[in-house]
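Input: a single structure, listed below in structure tokens.
FYI, the numbering just counts along the sequence from 1. What you see is a predicted model, and the numbers here were worked out from it, not measured in a lab. Just so you know, ligand 1 is whichever comes first in the structure, and atom 1 is the first atom listed for that ligand.
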Amino acid sequence: MNAAPLSGLYAPSLALVTDLYQLTMAYGYWQQGMQDREAVFHLYFRKAPFAGGYAVAAGLALAVDWVENLHFSDDDLAYLGSLRGSKGGVMFPAEFLEYLRQLKFTCDIDAVAEGTVVFGNEPLIRVRGPLLQAQLLETALLTLVNFQTLIATKAARIREATGPTDQILEFGLRRAQGFDGGLGASRAAYLGGADATSNVLAGQRYGIPVRGTHAHSWVMSFGDETQAFSAYAQAFPDDSVFLVDTYDTIEGVRRAIQVAREMRAKGHELAGIRLDSGDLAYLSREARAVLDEAGFTETRIVASNDLEENLITSLKQQGARIDTWGVGTQLVTAYNQAALGGVYKLAALRKADDSGWDFTIKLSEQVAKTSIPGILQVRRYLNEYGKPRADMLYNTAAPLPDQLTLIDPADLTRRLAIKPETKFRELLEPVFRAGKRVLELPTLAESRAHAQREVQSLDPSIRRFLNPHIFPVGLEKTLCEYRTELILEKKPVRGA
Ligand SMILES: Nc1ncnc2c1ncn2[C@@H]1O[C@H](COP(=O)(O)OP(=O)(O)OP(=O)(O)O)[C@@H](O)[C@H]1O
Ligand SMILES: O=P(O)(O)OC[C@H]1O[C@H](OP(=O)(O)OP(=O)(O)O)[C@H](O)[C@@H]1O
Ligand SMILES: O=C(O)c1cccnc1
């Protein structure tokens, strides 16, 4: 079953899911008469998470849902009207609140499809429209895209470790960052490569397959493994996975086999056993041998216990016979990297006299952190096998030269000339035009399939966990030169 991609989770409007400063700036822009100056913002991250070579873009469908439901309700406005500054004065006057009440979303949004592999500095979302509106989107878009992209990428790495045919069950809800953290993580984990979740709400909301085994408490409540397994088999004769490690794992496997024989006599097969402690490589090999010996060659071996991609890789190298991986805490909390540092930066502003664009830049001590001006598009060049070769960021508001050269923004001497016949695709596609959605979103299952094709299309050197190869992402030469000019124009010259 595929749920509709727009879940309505963010309806009614969650307009107040924002930082106060978005609203104080909005008021300021309105007061200055700047609210309708046309602006362009880009949402991007600078470095792929987990010291990896890529990220899997995610969160767009949630962002679309939020934007489509964006409006300030009576309650929202009453609350904003009640806010007071430090001297007790009204923070937002009634005329401005009335403006917010009437506000209609009219921006253009272009975005990278969920599941697409992306790299540092590449806009995942481009928002173009009235300055006040485009600014108001910042916090919610970042909250949604940063977390979804982080978890989808983690899941893709776990999939990399398990290989394509093993099952990955996401078990994280109990260790997640609250209800919404758990729900969002289940969605992103599925998008990034998990096969199913134990999170029932995520199943209902997003159509993700729900799966599970049973807890130690089930065995403990019977006090006897054979009885516990028989009772579970009675309830779910065709879907039983017995947790065998409550007392002694190998003894537990033998008891599971005993019950499995009784099940077989009644025409049912034991689906699997689960290991949740001890040496998972050794125990899974032993369990496989005992199961096979007893004629239960199809019974799956599920393992859980703080699993993550490096541990799974190691278990595989140790010859573990695990074919289903239950992964919780490390996946849904992105344990080794708490957040993706995506940012939302102003890149262009229509001149006050409407005579063209001012391209804007945020300087930084590090050139790599200096923002990229323009109305950007990401062009992905493909090699002769149709696999990604290099990405080019270019300014759609300036003409492209005939000879295209990519320049690495972190090292201006690294360049790549593009042959004119090189095939490419543009990653940012129209999602909203003048506030109306123009893109039919794929289902979550379609985005998941897209993510798997995308990750597979990357060279293994970019997918590896340790010191991955850096995928070339360059600025088109004229954009790079323009950016350097802007940096020099804005940067004060220091005297010695
Ligand atoms: N063969 C192995 N190689 C590397 N790490 C392993 C191996 N087998 C298990 N581990 C991991 O080692 C960690 C500790 O395992 P252990 O069974 O001691 O965990 P535990 O949580 O303390 O056990 P328990 O659930 O009994 O309290 C877990 O993260 C587990 O996944
Ligand atoms: O280790 P994770 O990757 O987070 O996977 C989820 C964990 O949650 C459960 O343990 P818990 O001790 O909470 O319950 P249990 O008694 O059912 O084992 C399960 O047995 C896993 O070990
Ligand atoms: O179904 C399971 O086995 C399960 C669910 C949540 C957490 N740990 C295990």
Backbone or side chain, does any N or O of G328 fall under 3.5 Å from an N or O of ligand 2?
yes
Atom CZ of R254 with >12 non-hydrogen neighbours under 6.0 angstrom
no
L307-ligand 1 polar pair, N/O distance under 3.5 Å:
no
Going by a strict under-4.0 Å cutoff (protein heavy atoms only), does atom 26 (O) of ligand 1 have a neighbour on the protein?
yes
4.0 Å protein heavy-atom contact status of atom 18 (O) of ligand 1, strictly under
no
Is a donor from one side chain sitting under 3.5 angstrom from an acceptor on the other, for Q167 and R211?
yes
Test the R264-F296 pair against the cation-pi criterion, namely NZ or CZ under 6.0 angstrom from the six-membered ring centroid and within 45° of the ring axis.
yes
Donor-acceptor pair between S73 and D75 side chains, under 3.5 angstrom:
no
Do side-chain atoms of R159 reach the backbone of G163 as a donor and acceptor pair under 3.5 angstrom?
yes
Tell me: protein heavy atom nearest atom 17 (O) of ligand 2, and distance?
A215 CB, 3.2 Å
When distances are taken from atom 9 (C) of ligand 1, the protein heavy atom at minimum range is G278 O, 3.1 Å
Looking only at protein heavy atoms, which one is nearest to atom 23 (O) of ligand 1, and what is the separation?
S277 CB, 3.9 Å
Taking the minimum heavy-atom distance to atom 4 (O) of ligand 2, which of V332, V219, T329, V327 ranks first?
T329
For atom 2 (C) of ligand 1, the protein heavy atom that lies nearest, with its residue and separation
L315 CD2, 3.5 Å
Using a 4.0 Å cutoff against the non-hydrogen atoms of Q318, which atoms of ligand 1 qualify?
1 (N), 2 (C), 3 (N), 4 (C)
Would you say the side-chain atoms of N69 pair up with the backbone N or O of D65, donor to acceptor, closer than 3.5 Å?
yes
Check ligand 2 against D306 and write out every atom of the ligand that is under 4.0 Å from a heavy-atom position of the residue.
1 (O), 2 (P), 3 (O)
Identify the residue among V259, I273, I257 that makes a side chain to side chain contact (heavy atoms under 4.5 Å, CB included) with F229.
V259
What is the nearest protein non-hydrogen atom to atom 7 (C) of ligand 2, stated with its residue, atom name and distance?
R175 NH1, 3.7 Å
Nearest neighbour of atom 10 (N) of ligand 1 from the list D276, T249, L311, T329, on a heavy-atom basis
L311
Expected output: side-chain T149 to main-chain N146 donor-acceptor under 3.5 Å:
no
So which protein heavy atom does atom 14 (C) of ligand 1 come closest to, and at what separation?
N305 ND2, 4.4 Å
Ligand 1 versus D245, non-hydrogen atoms closer than 4.0 Å: side chain, backbone, both, neither?
neither
Distance col, row R255:CZ vs F242:CZ, nearest 0.5 angstrom, shows 13.0 Å
With heavy-atom distances below 4.0 Å as the criterion, list the atoms of ligand 3 near G212.
1 (O)
Around atom 15 (P) of ligand 2, find the nearest protein heavy atom and jot down its residue, atom name and distance.
H216 ND1, 3.4 Å
Is it the case that the side chain of E269 and the backbone of A271 share a donor-acceptor pair, with hydrogens and angles ignored and the cut-off at 3.5 Å?
no
Side chain of R448, backbone of Y190: donor and acceptor closer than 3.5 Å?
yes
List every atom of ligand 2 that sits less than 4.0 Å from any heavy atom of R274, numbering the atoms from 1 in the order shown and giving each element.
19 (C), 20 (O)
Any idea which atoms of ligand 1 are less than 4.0 Å away from a heavy-atom of A281?
1 (N)
Please identify which atoms of ligand 3 are closer than 4.0 Å to at least one heavy atom of T213.
1 (O), 2 (C), 3 (O)
N/O separation below 3.5 Å, D276 to ligand 2
yes
Where the closest heavy atom to atom 9 (C) of ligand 2 is concerned, which of E170, R174, H214 has it?
R174
Does a side chain donor of either R274 or S304 reach within less than 3.5 Å of an acceptor in the other side chain?
yes
For the pair H214 and Y232, name the ring-plane relationship: parallel under 30°, tilted 30 to 60°, perpendicular over 60°.
tilted
For atom 8 (N) of ligand 1, what's the nearest protein heavy atom and its distance?
L280 N, 2.9 Å
